[in-house]
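Each chain gets a letter, A, B and so on, in the order its sequence line appears, and its residues count up from 1. From a predicted model like this one, the values you see are computed outputs, not experimental measurements.
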Amino acid sequence: MSTTRVEKDVKWIDEPKLGLFENLYLPIVFDGLKTTISHLFTRKVTESYPEQEPTMVPNYRGVHRLNRDTEGRTKCVACYMCATACPAHCIDIVAAPAPADWVGREKYPETFVIDELRCIYCGMCEEACPVDAIELTTLYDLTGLSREQLIFDKEKLLSVYDQTVKAGTDPVRTQSGNLGPASDTAQAGVPKA
Amino acid sequence: MPTVFVNDKPVEIGTRKLNCVQAAELAGTEVPHYCWHPELSVVASCRMCLVEVGELKDGKVTMQPKVVPGCQTPVKDGTVIVTGDYAKRDQNVAPLSYDANYKPADRAKKSQADTLEGLLINHPLDCPVCDKAGECKLQDYSYQFGRSESRMIDVKNTPANKPGLSSKITLFTDRCILCTRCVRFTREISGTAELLVVGRGHHEEIDVFPGRPLENKLSGNVVDLCPVGALGSKDFLYTQRVWYLKTTDNVCSGCSTGCSVHTDTNKDIVYRLRARPNPDAQGHFICDEGRWGYHFTNSPDRFTKPLTKTDGKFSHTPYAEMFPKLKADIVAAVKADAASVVVVLSPFLTVEEAFQWATAAKSWDKGVRLALGPVPMVGVDDSYPKDVKGNPVAPAKFVIRAEKCPNRLGVEMVLQHFQGSVTPFAGIGATTAVVFVGGYPEPVTAEALTGVVLPDLLVVQDLFTSPLAKAAKYLLPGTSNFEKDGTFLNHAGYAQTFARAANPPKEVRSELQVACDLAGKRGLAQASAVRKDLAKTFPALAALAEPKAAAKGAARLELQTV
């Protein structure tokens with residue numbers, strides 16, 4: 001039953017017959033050479049990594065960073081939205097009441113750890129973040145000598161922020177749209193309580 | 001039979017005095033509400049439960065022209081209630097004959113949305129940092145009945161937080177929706193009346209009198225009562241997001257009231273206890289002692305390994321090594337003189353555990369004696385509400401009992417069955433071997449041991465170190481009430497079966513398992529199987545054989561003496 005059906009569905013095509021022109025081969029060879037030679041005169045696109053480092057597209061999803069607010073504090077309010085959204089369960093947060101001198105802040109992450117090896121770089125965390133505190137940067141060359149080195153803590157993630165800000169490679173998502181009220185407060189450090 | 005129509009669905013209310021919210025609940029329709037609580041007086045201040053009410057007379061419905069608060073409106077025969085959820089009504093029920101111009105639920109629905117908008121005017125919408133997020137009625141109702149965007153353009157009120165409200169409770173003033181449940185609780189249930197509303201209009205705030213913080217033994221209930229995240233327990237603050245928690249129905253082991261509780265755990269760590277409404281046990285509330293008394297189960301000081309004492313020093317011995325020796329020792333002692341071997345069962349054991357241990361002891365020899373472990377008593381029964389001078393007012397709405405153990409009656413019942421009488425721990429007399437099955441959250445004190453001569457062969461299963469544990473030859477780690485599944489009989493003989501909320505530490509075998517192991521019963525101990533035996537042995541507990549009835553707490557022991 002199945003064989004007949006397959007036979008019915010298959011359309012047989014015969015190989016085209018080669019004429020004299022095709023049998024000469026040389027025209028085709030020259031045609032290929034023309035393409036090759038034309039590339040000698042076009043702009044070079046090969047990047048000689050690692051001597052030459054590429055500039056990634058701004059929406060590339062690389063290493064995470066934890067953003068700082070205008071006062072240099074971490075923007076993160078330890079709401080666990082990223083940890084909840086994370087399909088790889090690579091984010092571990094321990095929340096605590098914010099230090100007394102953090103005006104307008106009630107809760108902050110005492111520790112914030114991302115296992116960069118577990119992460120699948122899907123970007124769900126930055127999508128879930130209500131205060132735009134976590135973002136994926138364009139840093140792609142993530143290497144380390146041990147697994148422990150690639151478990152990034154809060155300080156490391158904040159240093160990624162400093163590094164990317166200094167290098168002027170802010171992700172495209174930063175300030176891209178209207179932020180929620182929680183973000184505005186955290187950002188501007190508006191006294192709330 | 002008086003019949004009320006909720007969204008066209010007839011429901012018989014019998015002789016009960018119900019309001020529209022309750023009547024709707026009977027019909028399976030939820031009327032959203034914040035300020036109304038079955039145990040508190042009605043104030044109808046939140047306006048969330050607005051419904052349309054009418055009357056069915058001679059087959060014709062006359063609706064009132066305005067919406068009314070459901071919590072404040074009693075129902076009678078023929079009352080017609082139309083809630084905002086009219087569109088989700090049971091389509092199989094024939095609609096009532098409303099007036100042609102009347103559009104059911106139009107007004108109720110608009111009222112609900114308007115009420116929510118009003119409540120959210122000054123609400124900070126800081127759900128990311130709010131501990132209530134995930135179980136917040138404001139979130140739930142906004143999602144179900146509210147609008148998705150705020151039209152508020154003015155600056156919101158931002159009153160200062162009040163962490164000094166109580167040593168255990170903090171107030172996020174800006175999140176409060178002034179339902180005054182907490183205020184009414186302190187006035188009507190605890191009677192201590194610490195909380196009040198200060199200010200007027202949009203500047204109303206919950207507060208305490210200067211120098212009189214919210215400190216009473218029931219204060220934690222205001223956190224449960226708060227429908228939003230305004231009142232927070234400092235104990236739980238920022239420790240977990242609620243959606244990570246697994247809720248298990250459990251029974252508090254703090255005193256013989258045996259309050260029904262919800263135990264919230266994550267990865268076998270208990271994070272929070274909440275009151276589980278159960279009119280047969282304690283009502284809607286629990287005391288602070290029970291609410292925040294779970295910390296012992298997470299304590300790092302707990303015994304986690306079986307230990308054997310050799311030359312005065314405890315060393316870790318795996319069960320497989322320990323049990324043959326332990327059993328040989330006991331068998332030798334039983335052979336020498338069975339009556340001088342005593343198994344002490346603490347009032348913290350479940351009925352199943354006590355039954356299994358008694359069975360195990362009697363399987364060694366009929367002469368082995370059983371005794372009841374020390375029963376911790378602290379002060380006298382503390383009943384609420386209190387009057388202004390702190391004296392209890394009748395009728396009591398909540399009682400914290402002096403007997404600080406959950407299951408004295410249950411264990412006594414088992415002891416009665418096996419040997420006809422209950423021997424207290426102090427009266428065990430001369431012994432050659434004692435097996436002490438504890439599970440005391442507070443270690444057994446030296447006072448409880450006065451008059452008791454402990455033999456060399458002392459087997460102790462307990463949670464924490466104590467003079468008794470130090471004297472043991474074999475020391476087994478015990479489990480807390482959150483780590484087992486079983487039945488407690490409270491002060492009134494009311495049997496409540498509960499489930500295990502957390503797993504005990506890795507190397508801990510439950511009391512039930514140890515009893516089975518020592519009785520030579522092989523395999524994994526199952527409390528449900530023991531419960532079936534119990535149901536056969538004790539006619540009063542026959543209902544426990546049915547798992548569903550057991551979970552509901554259907555059995556009640558007929559008390560011989562009160």
Side-chain angles (χ1 to χ4, degrees), chain A residues 66-67 69 73-87 89-112 125-134 154 177-193, chain B residues 120-136 139 142 148-165 168-176 205 229-246 266-267 269 271-272:
Chain A
L66 268 185
N67 292 348
D69 63 9
R73 317 173 296 196
T74 168
K75 255 187 178 183
C76 173
V77 295
C79 70
Y80 289 75
M81 289 295 158
C82 51
T84 305
C86 181
H89 301 298
C90 69
I91 306 178
D92 186 71
I93 307 169
V94 175
D101 56 337
W102 285 28
V103 180
R105 293 287 298 275
E106 273 159 15
K107 192 180 177 189
Y108 89 118
E110 201 168 34
T111 67
F112 191 107
C125 49
E126 61 177 359
E127 219 167 291
C129 186
V131 294
D132 278 6
I134 189 168
K154 192 171 74 177
N178 278 338
L179 308 181
S183 175
D184 291 340
T185 312
Q187 203 179 1
V190 173
K192 217 186 71 179
Chain B
L120 288 171
I121 277 184
N122 279 310
H123 192 79
L125 297 178
D126 56 350
C127 304
V129 295
C130 177
D131 263 357
K132 197 78 176 182
E135 55 178 16
C136 174
Q139 273 187 340
S142 293
S148 57
E149 276 183 19
S150 172
R151 293 186 293 181
M152 174 79 173
I153 46 166
D154 294 324
V155 179
K156 294 191 178 202
N157 277 349
T158 50
N161 290 342
K162 292 171 186 162
L165 194 79
K168 296 284 180 70
I169 294 157
T170 178
L171 174 64
F172 297 95
T173 322
D174 48 358
R175 293 178 194 156
C176 180
E205 282 173 29
L231 287 159
S233 157
K234 287 182 183 172
D235 181 66
F236 180 67
L237 198 65
Y238 303 150
T239 54
Q240 285 283 307
R241 297 315 307 251
V242 294
W243 53 85
Y244 290 131
L245 296 173
K246 191 185 90 187
N266 184 14
K267 293 178 186 160
I269 298 171
Y271 283 101
R272 179 173 70 162

For this session: Over all heavy atoms of both residues, which pair between A:Pro130 and B:Pro128 is shortest? Give the atoms and the distance, please.
Result: CG-CG, 3.6 Å
Problem set entry | B:Asp126/A:Glu106 under side chain to side chain contact (heavy atoms under 4.5 Å, CB included): CA gap, chis, key distance, verdict | CA-CA 10 Å; B:Asp126 56 350; A:Glu106 273 159 15; 3.7 Å; yes
Exercise. Side chain, backbone, both or neither: which part of B:Thr173 has a heavy atom under 4.5 Å from chain A?
Worked result: neither
For this session: Supply the atom-to-atom distance A:Tyr80 OH to B:Trp243 CH2, rounded to the nearest 0.5 angstrom.
Result: 10.0 Å
Exercise. Would A:Lys107 and B:Asp131 count as a side chain to side chain contact (heavy atoms under 4.5 Å, CB included) if you check the C-alpha gap in whole Å, the side-chain angles of each, and the deciding distance to 0.1 Å?
Worked result: CA-CA 10 Å; A:Lys107 192 180 177 189; B:Asp131 263 357; 4.2 Å; yes
Exercise. Should A:Val94 and B:Tyr238 count as side-chain neighbours, where that means a heavy-atom distance under 4.5 Å?
Worked result: no
